[in-house]
Amino acid sequence: MRILYDHQVFSLQNTGGASRYYYELIRSLVSNHEINVEVWLGVNQTVFPFRQLPRTHVVSCGKFLGRGHQRYLANEILGNVVAAFAGQMDVYHSTLYRSMPLVRARGKVATHHDCAHERFPELFRNAREIVRAKRRLYAEADGIICISKSSQADLLRFYDVDARKTRVIYHGLHRLHPSAPAMIELQARAKKPFLLFVGARGGYKNFENLLRAFRATSLHKSMQLLALGGGVATDKEKSLTQELGLADCVRILPQVSDALLAQAYAAATLLVYPSCCEGFGYPPLEAMAAGCPTLVCNTSCLPEICGDAPFYFEPDDQSSLQRMLIEAVTNEPARKLARERGTRVAARYNWEKCAAETLALYRECQ
């Protein structure tokens with residue numbers, strides 16, 4: 001079987017959850033000797049080593065453009081030129097919201113992650129454009145992978161899609177590994193016990209509400225709040241941190257290595273994941289796998305994915321967040337149970353299962 005993955009997500013990011021999804025999926029698929037994969041990266045700076053994978057042909061032409069719109073347009077032109085000479089694929093799996101028009105394939109598959117653009121259009125300058133692109137892609141697709149039942153329900157709510165061509169296929173979980181240099185770096189950043197926040201912070205990710213809860217509970221007097229990834233602090237975040245008197249106990253690291261992230265999960269008192277809209281949600285599972293208790297919002301896919309392992313607070317209820325934040329930090333018997341359950345829940349997710357179910361859908365769509 002000849003499977004194509006296009007440039008889209010790799011044009012817009014060099015790392016991140018979506019890129020990891022496609023890398024881990026391909027890495028597991030090519031363990032099957034009947035599978036041959038083409039990855040049309042074009043101009044890219046991805047951190048994922050696609051060239052090291054067997055039976056994987058990578059079309060790549062340098063690193064001279066940074067991630068973003070210009071790189072996307074250059075790769076769209078390059079990809080369609082390559083498509084004109086590449087012959088027919090068995091399956092074309094689009095990696096984002098569009099499909100390249102010159103690709104020839106017996107079957108077309110898309111992955112639906114979440115409906116953030118549909119639920120919170122005011123947070124995205126191009127929400128309408130993306131919704132239109134998704135509508136076209138889902139109409140053309142022979143199969144649509146939904147990464148949770150919650151994601152599937154949102155897809156069917158916002159789009160006129162035949163439910164029979166959708167499949168719920170959960171992600172696997174990539175185990176992160178700490179290192180001695182990462183431990184030294186973390187010790188330099190975190191001088192006290194700390195709460196951990198991971199990923200993007202804007203809008204529905206609710207980082208600002210976490211800052212307010214951190215201050216209201218007085219946990220800031222004895223702990224730090226460490227935010228990893230998600231880019232540099234915004235002016236609004238800086239202003240709010242100063243206003244709340246948290247400048248000395250909040251640390252934002254815009255980019256981090258997997259090793260530092262693993263070290264942080266292992267050392268944190270608690271991962272707090274207050275996002276109110278997720279399609280799957282990697283950070284809570286990564287934390288659970290590392291033995292870190294988690295506090296998450298009781299909404300979207302999170303109860304489905306995380307099961308009975310986390311502490312939960314209710315969405316749109318700041319008092320619930322504050323109350324459960326104290327509970328999750330101070331109730332040691334409950335924290336022990338959360339660690340035990342978390343290890344069990346995290347073990348359910350593996351890339352081999354994800355790849356096997358995805359391959360079964362590919363075969364249906366040819």
Side-chain angles (χ1 to χ4, degrees), residues 1-10 18-41 50 53-59 76 79-80 82-84 86-115 130-172 279-280 350-366:
M1 182 184 293
R2 190 182 184 199
I3 307 168
L4 167 65
Y5 301 86
D6 62 27
H7 71 91
Q8 291 185 80
V9 74
F10 307 104
S19 291
R20 184 179 294 282
Y21 162 61
Y22 287 106
Y23 173 74
E24 295 292 348
L25 174 60
I26 293 167
R27 186 179 63 83
S28 296
L29 284 171
V30 294
S31 64
N32 184 331
H33 289 261
E34 298 177 1
I35 302 300
N36 291 282
V37 165
E38 304 220 6
V39 187
W40 294 357
L41 297 177
F50 286 97
L53 300 177
R55 290 175 296 287
T56 303
H57 176 59
V58 179
V59 177
E76 187 71 5
N80 279 295
V82 173
Q88 189 175 55
M89 304 292 167
D90 292 305
V91 173
Y92 168 29
H93 192 155
S94 170
T95 64
L96 208 56
Y97 309 127
R98 297 174 175 86
S99 62
M100 293 191 297
L102 297 186
V103 171
R104 289 166 289 165
R106 293 186 177 88
K108 183 181 294 185
V109 171
T111 295
H112 173 71
H113 295 278
D114 60 48
C115 280
I130 288 175
V131 169
R132 285 196 299 268
K134 282 185 176 182
R135 187 173 291 116
R136 288 193 297 270
L137 177 63
Y138 297 154
E140 297 169 0
D142 300 292
I144 303 173
I145 295 169
C146 301
I147 60 176
S148 63
K149 293 177 182 176
S150 173
S151 166
Q152 183 187 47
D154 275 354
L155 171 69
L156 298 177
R157 172 188 170 189
F158 285 101
Y159 294 94
D160 183 17
V161 168
D162 185 347
R164 291 174 297 181
K165 69 178 184 180
T166 68
R167 297 289 185 281
V168 175
I169 301 177
Y170 295 120
H171 288 336
F280 185 77
N350 68 82
W351 286 111
E352 290 73 20
K353 184 175 186 290
C354 175
E357 293 176 357
T358 302
L359 181 56
L361 178 61
Y362 288 168
R363 287 177 170 142
E364 289 181 33
C365 292
Q366 288 186 80

Greater than 12 external heavy atoms within 6.0 Å of K353's NZ: no
Counterpart residues, ring-ring contact (aromatic ring centres under 6.0 Å, His included), relative to H7 (two or more places apart): Y72
Partner residues of N36 under the side chain to side chain contact (heavy atoms under 4.5 Å, CB included) criterion, sequence neighbours left out: R55
Donor-acceptor pair, side chain of T166 and main chain of R164, under 3.5 angstrom: no
Which atom of P101 lies closest to which atom of N80, heavy atoms considered: CD-OD1, 3.4 Å
Interatomic spacing from CD in E352 to OG in S31 - rounded to 0.5 Å: 7.0 Å
Mutual orientation of the aromatic rings belonging to H113 and H171 [parallel < 30°, tilted 30-60°, perpendicular > 60°]: tilted
A133: partners by side chain to side chain contact (heavy atoms under 4.5 Å, CB included), with sequence neighbours left out: Y97, R98, R136
CE-CG distance between M100 and D6, expressed to the nearest 0.5 angstrom: 5.0 Å
Closest heavy-atom pair and its distance - L156, V161: CD2-O, 3.7 Å
Stepwise salt bridge (charged side-chain N to carboxylate O under 4.0 Å, His left out) check, D90 with R106: CA-CA 5 Å; D90 292 305; R106 293 186 177 88; 2.5 Å; yes
Set of residues satisfying side chain to side chain donor-acceptor pair (under 3.5 Å) with respect to K134, sequence neighbours excluded: E118
Inter- and intrachain pairs under ring pair (Phe, Tyr, Trp, His ring centres under 6.0 Å), touching residues 139-164, at least two apart: Y138-Y159
D162 atom CG, neighbour heavy-atom count above 12 within 6.0 Å: yes
Spacing of D142 atom CG and Y362 atom OH [to the nearest 0.5 Å]: 12.5 Å
Derivation and outcome, side chain to side chain contact (heavy atoms under 4.5 Å, CB included), residues L359 and M1: CA-CA 10 Å; L359 181 56; M1 182 184 293; 3.9 Å; yes
Those residues that, when tested against R167, pass side chain to side chain donor-acceptor pair (under 3.5 Å) (two or more places apart): E364
Partner set under side chain to side chain donor-acceptor pair (under 3.5 Å) for S151, not counting sequence neighbours: none
CD1 on I3 to CD1 on I26, rounded to 0.5 Å: 8.5 Å
Pairing residues for F50 by the ring-ring contact (aromatic ring centres under 6.0 Å, His included) criterion, not counting sequence neighbours: F10, Y23
Atom pair OH/OG1 of Y5 and T56 - distance to nearest 0.5 Å: 9.5 Å
Residues forming a salt bridge (Lys or Arg N to Asp or Glu O under 4.0 Å) with R27, sequence neighbours excluded: E24
Euclidean distance, E34 CD relative to L29 CG, rounded to 0.5 Å: 12.0 Å
L53 and V37: CA distance, side-chain angles, deciding distance, side chain to side chain contact (heavy atoms under 4.5 Å, CB included) verdict: CA-CA 10 Å; L53 300 177; V37 165; over 6 Å; no
Nearest non-hydrogen partners of S28 and W351, listed with the distance: OG-CB, 3.4 Å
Minimum-distance pair of heavy atoms, taken over all atoms of D114 and G279: CB-N, 3.8 Å
T358 to I145 - nearest heavy-atom pair and separation: CG2-CD1, 3.8 Å
Salt bridge (Lys or Arg N to Asp or Glu O under 4.0 Å) partners of residues 143-155, not counting sequence neighbours, each pair once: R119-D154
Closest heavy-atom pair and its distance - G87, R2: C-NH1, 4.0 Å
Partner residues of Q366 under the side chain to side chain donor-acceptor pair (under 3.5 Å) criterion, sequence neighbours left out: none
Side-chain (S99) to main-chain (S94) donor-acceptor, under 3.5 angstrom: no
Under the ring-ring contact (aromatic ring centres under 6.0 Å, His included) test, residues paired with Y92 that sit two or more places apart: none
CA sep, side-chain torsions, deciding dist, call: T111, Y21, side chain to side chain contact (heavy atoms under 4.5 Å, CB included): CA-CA 10 Å; T111 295; Y21 162 61; 3.0 Å; yes
